[in-house]
J.: 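Pasting a structure here, questions to come.
Residue numbers start at 1 and run along the sequence shown.
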Amino acid sequence: MTTQVRTSAGTVRGSWEDGVAVYRGVPFAAPPVGRNRFAAPRLVVPWDGVRDATRFGPPPPQPGRPTEGVDWLSLAVWTPDPGRTGLPVLVWISGGTYLNCDTANPHLAGAEPARDGAVVVSAHYRTGAEGFARLDGAPDNRGLLDQVAALRWVQDNIAAFGGDPGNVTVFGQSAGAGSIAALLVMPEAVGLFRRAILQSLPGTFFAPDLAADVATEVSAELGCSPRVGDLVAVAPDDLVVAARSVTDRLPQRVGRWGSVAYTPTPFSPVVDGEVLPASPWAALADGAARDVDLLVGHTRDEFSLLAARLGEAPVDDAEVDTLLNVLTPTPGVQRYRAAYPFVPPIELRDTAMSDWLWRMPALHLAEAAHAGGARVWLYELCWGFNSLGASHSLDTLLVFGTAEIETGLTEAGSDAVAQARGLSKLMRAEHLSFAATGDPGWARYTPHERDARVYDARSSVARYPEERSRSIWRDRRFGALGLTM
């Protein structure tokens with residue numbers, strides 16, 4: 001059965017699926033090609049008649065798949081009832097190392113949260129060089145500007161889908177959480193959302209010199225300079241391949257790009273002083289977004305998924321010492337060895353990388369926002385069902401109710417499945433309570449009490465579990481990463 005909704009640009013026809021109305025491939029901005037390529041997003045061109053919205057729009061150019069079509073800047077909406085009014089709105093911003101984004105990802109479908117009473121929006125944004133390369137003649141952070149355009153579309157249109165434009169929560173994981181951290185302090189995003197959920201916030205934001213150097217190297221792969229005039233005629237897939245080549249060489253760039261060489265991506269938001277005026281931690285501590293409620297969380301074993309991709313090559317003490325002393329900001333290997341005296345080298349590496357990439361950036365953001373006057377809640381996922389433990393992105397799958405899709409969970413046995421389903425129901429209910437009311441149901445985080453929701457086989461509210469790492473990082477500060485030479 002089909003369903004139609006009138007948007008500001010024209011009417012769209014979606015479909016009813018298992019009690020949820022779904023609208024796919026709805027454009028929120030003009031295609032970012034031709035004269036619009038590398039530009040800030042332009043207004044969508046209105047259409048006559050009824051536009052089919054039963055298929056997802058093509059994702060932006062990204063590794064591992066050929067680019068299709070040009071309508072990359074589209075979104076999908078799941079709603080329990082477009083005839084309702086005043087439902088809370090969740091706007092999902094995908095992660096994916098600032099390289100990937102796809103509303104069609106079955107792990108990130110909004111059907112389950114919609115069945116529980118929210119309108120869920122998932123929006124594409126330009127990734128990789130299209131969205132984050134620092135180019136002469138183009139604004140920085142085009143991917144973030146795309147997200148702002150999607151949020152403006154939500155303000156203008158979500159009431160027609162049953163949502164309340166005054167009760168919007170942005171929700172993202174990993175690079176999506178990094179994007180939200182940026183949105184919290186961007187002037188163009190002020191007033192577009194009321195609450196924010198950040199899962200596994202990465203600590204990588206770039207200073208202009210580092211971002212420019214990365215763009216120069218990507219462009220050199222194509223025999224070009226990092227200028228819009230040189231790159232506008234380059235096929236999107238060729239630009240993706242060039243960026244992939246630079247990504248593959250990241251370990252060779254530690255001398256110039258520092259700790260970025262130990263990440264899986266050469267792109268991050270650029271603290272350019274204009275689109276993004278300051279690093280999120282500093283700006284939030286100064287009171288930016290003090291009126292936005294924040295739910296911040298991470299998993300216990302953040303690095304395990306990336307470590308599995310790196311393989312089981314032996315790691316010795318010398319390699320760990322070098323790594324832990326080069327991470328910026330770094331508390332240094334001596335602090336780690338004092339706090340974790342009997343931990344094998346590979347485990348010490350994994351702990352430190354979990355801290356540096358995700359756990360401590362999330363904790364420090366919570367503390368900065370609290371210092372700036374915002375209301376903040378914190379959680380950690382400690383449950384897992386395989387050797388990866390509470391791995392990166394598992395909390396997201398549990399909230400979306402998709403942890404059984406091609407993850408190995410069903411093969412882990414009926415007990416693991418039952419635990420996952422119970423935890424999924426609990427996490428989704430508490431996240432939706434936060435989105436609807438601003439209260440997930442446990443005590444707010446303060447640097448003194450440090451209360452956190454600990455999701456596990458038996459969930460509880462307890463003092464933040466990663467006390468050793470918190471102490472190690474107590475005087476480090478996250479900011480913008482620049483060139484190291």
J.: Would you say Gln334 has more than 12 foreign heavy atoms packed within less than 6.0 Å of its CD?
T.: no
J.: For the residue pair Val376 and Leu365, establish whether any side-chain heavy-atom pair is separated by less than 4.5 Å.
T.: no
J.: For the residue pair Val120 and Gly110, what are the closest heavy atoms and their distance?
T.: CG2-O, 3.7 Å
J.: Which atom names give the shortest non-hydrogen contact between Pro345 and Val315, and what distance separates them?
T.: CB-O, 3.3 Å
J.: Would you say Ser433's side chain and Ala429's backbone share a donor-acceptor pair under 3.5 angstrom?
T.: no
J.: Can you label the angle between the Tyr464 ring and the His298 ring as parallel, tilted or perpendicular, going by 30° and 60°?
T.: perpendicular
J.: Is there a side-chain hydrogen bond (donor to acceptor under 3.5 Å, both in side chains) between His107 and Glu406 once you walk through the steps?
T.: CA-CA 9 Å; His107 289 111; Glu406 298 179 352; 5.4 Å; no
J.: To the closest 0.5 Å, what do you measure between CG (Leu276) and OG (Ser268)?
T.: 11.0 Å
J.: Under the side chain to side chain contact (heavy atoms under 4.5 Å, CB included) criterion, do Leu323 and Leu327 qualify, and how do the steps go?
T.: CA-CA 7 Å; Leu323 171 62; Leu327 299 178; 3.8 Å; yes
J.: Look at Arg444 together with Glu449 and state whether they make a salt bridge at an N to O cut-off of under 4.0 Å.
T.: no
J.: If we ignore hydrogens and angles and just use 3.5 Å, is the side chain of Thr263 paired with the main-chain N or O of Ser259 as donor and acceptor?
T.: no
J.: Of the non-hydrogen atoms in Pro60 and His124, which two are nearest, and what is the gap between them?
T.: CD-CG, 3.9 Å
J.: Say whether, by atom type as modelled, one donor and one acceptor occur between the side chain of Thr330 and the main chain of Gly332 under 3.5 angstrom.
T.: yes
J.: So, Tyr455 versus Thr299: side-chain donor-acceptor pair below 3.5 Å or not?
T.: no
J.: Give me the one residue out of Phe267, Tyr98, Phe38, Phe205 that meets ring pair (Phe, Tyr, Trp, His ring centres under 6.0 Å) with Phe132.
T.: Tyr98
J.: Look at the side chain of Thr216 and the backbone N and O of Ala212, then say whether any donor-acceptor pair between them is shorter than 3.5 Å.
T.: yes
J.: First locate atom CG of Leu394, then atom CZ of Arg300, and finally report the distance between them rounded to the nearest 0.5 Å.
T.: 10.5 Å
J.: Is it true that Asp475 and Arg335 have a side-chain N and a carboxylate O under 4.0 angstrom from each other?
T.: yes
J.: For side chain to side chain contact (heavy atoms under 4.5 Å, CB included), just list the numbers for Val399 and Gln199, CA-CA rounded to whole Å, side-chain angles, deciding distance to a tenth of an Å, and then say yes or no.
T.: CA-CA 11 Å; Val399 171; Gln199 298 182 326; 3.9 Å; yes
J.: When you look at Ser459 and Leu423, which way does the side chain to side chain contact (heavy atoms under 4.5 Å, CB included) test go after all the steps?
T.: CA-CA 8 Å; Ser459 298; Leu423 195 52; 3.6 Å; yes
J.: Can you confirm whether Arg249 sits close enough to Glu217 that some side-chain heavy atom of one is under 4.5 Å from a side-chain heavy atom of the other?
T.: yes
J.: Closest heavy-atom contact between Thr484 and Trp257?
T.: OG1-N, 3.9 Å
J.: Could you check, using the six-membered ring where one of them is a Trp, whether Trp377 and Tyr445 have ring centers closer than 6.0 angstrom?
T.: no
J.: Keeping to residues at least two apart or across chains, list the salt bridge (Lys or Arg N to Asp or Glu O under 4.0 Å) pairs with something in residues 89-103.
T.: Arg65-Asp102
J.: Identify every side-chain donor-acceptor pair in residues 408-421 under 3.5 Å, counting partners at least two apart or on other chains, and give the distances.
T.:
residue	atom	partner	partner atom	Å
Gln419	OE1	Trp383	NE1	2.6
Arg421	NE	Glu404	OE2	2.7
Arg421	NH2	Glu404	OE1	3.0

J.: Is there a donor-acceptor contact under 3.5 Å from the side chain of Thr103 to the main chain of Ala76?
T.: no
J.: Got a second to check how far Ile93's CD1 is from Cys101's SG, nearest 0.5 Å?
T.: 9.0 Å
J.: Any donor-acceptor pair under 3.5 Å linking the side-chain atoms of His370 with those of Thr446?
T.: no
J.: How far apart are the C-alpha atoms of Glu221 and Val241, what are their side-chain angles, what is the distance that settles it, and do they pass the side chain to side chain contact (heavy atoms under 4.5 Å, CB included) test?
T.: CA-CA 9 Å; Glu221 287 285 315; Val241 170; over 6 Å; no
J.: Looking at every heavy atom in both Glu188 and Val148, which two are closest together, and how far apart are they?
T.: O-CG1, 3.6 Å
J.: Roughly how far, to the nearest 0.5 Å, is CZ of Phe400 from CG of Asp395?
T.: 11.0 Å
J.: Using 4.0 Å as the upper bound for N to carboxylate O, is an ion pair formed by Asp213 and Arg256?
T.: yes
J.: With a 3.5 Å distance limit and no angle check, can you tell me whether Asp272 reaches the backbone of Glu274 through a side-chain donor-acceptor pair?
T.: yes
J.: Taking C-beta and beyond as the side chain, do Arg253 and Val260 meet within less than 4.5 Å on heavy atoms?
T.: no
J.: Under 4.0 Å between a Lys/Arg side-chain N and an Asp/Glu carboxylate O for Glu466 and Arg359?
T.: yes
J.: Taking Ser200 for the side chain and Trp358 for the main chain, is one N or O donor matched with an acceptor at less than 3.5 Å?
T.: no
J.: With a 4.0 Å cut-off, would you call Glu430 and Arg453 a salt bridge?
T.: yes
J.: Looking at Asp451 and Ala443, would you say the former's side chain and the latter's main chain have a donor-acceptor pair under 3.5 Å?
T.: no
J.: Using a strict 4.0 Å threshold on nitrogen-to-oxygen distance, state whether Glu367 and Arg450 make a salt bridge.
T.: no
J.: Hey, are the side chains of Glu112 and Arg115 touching, using non-hydrogen atoms and a 4.5 Å cut-off?
T.: yes
J.: Please name the pair of heavy atoms, one in Val292 and one in Ala196, separated by the smallest distance, quoted to 0.1 Å.
T.: CG1-N, 4.1 Å
J.: I'd like to know if the side chain of Arg290 and the backbone of Ala369 have a donor-acceptor N/O pair within less than 3.5 Å.
T.: no
J.: Judged by atom type as modelled, is there a donor-acceptor pair below 3.5 Å linking the side chain of Arg195 to the main-chain atoms of Val170?
T.: no
J.: Could you give the distance from CZ (Phe171) to CD1 (Ile197), rounded to the nearest 0.5 Å?
T.: 5.5 Å
J.: How about CZ on Arg463, more than 12 heavy atoms from neighbouring residues, nucleotides or ligands closer than 6.0 Å, or not?
T.: yes
J.: Between Tyr379 and His431, is the ring centroid distance below 6.0 Å?
T.: yes
J.: Measure the spacing between OG of Ser304 and CG of Leu388 and express it to the nearest 0.5 Å.
T.: 4.5 Å
J.: Scan side-chain atoms only and decide if Gln62 and Thr127 contain a donor-acceptor pair under the 3.5 Å cut-off.
T.: no
J.: Charged N to carboxylate O under 4.0 angstrom, Arg428 versus Asp116?
T.: yes
J.: Relative to the ring of Trp473, is the ring of Phe478 parallel (under 30°), tilted (30 to 60°) or perpendicular (over 60°)?
T.: parallel
J.: Just so I know, are the side chains of Pro80 and Leu87 near enough to count as touching, which here means a heavy-atom distance under 4.5 Å?
T.: yes
J.: One thing to verify: whether Asp248 and Arg244 come together as a salt bridge, which I'm taking to mean a side-chain N less than 4.0 angstrom from a carboxylate O.
T.: yes
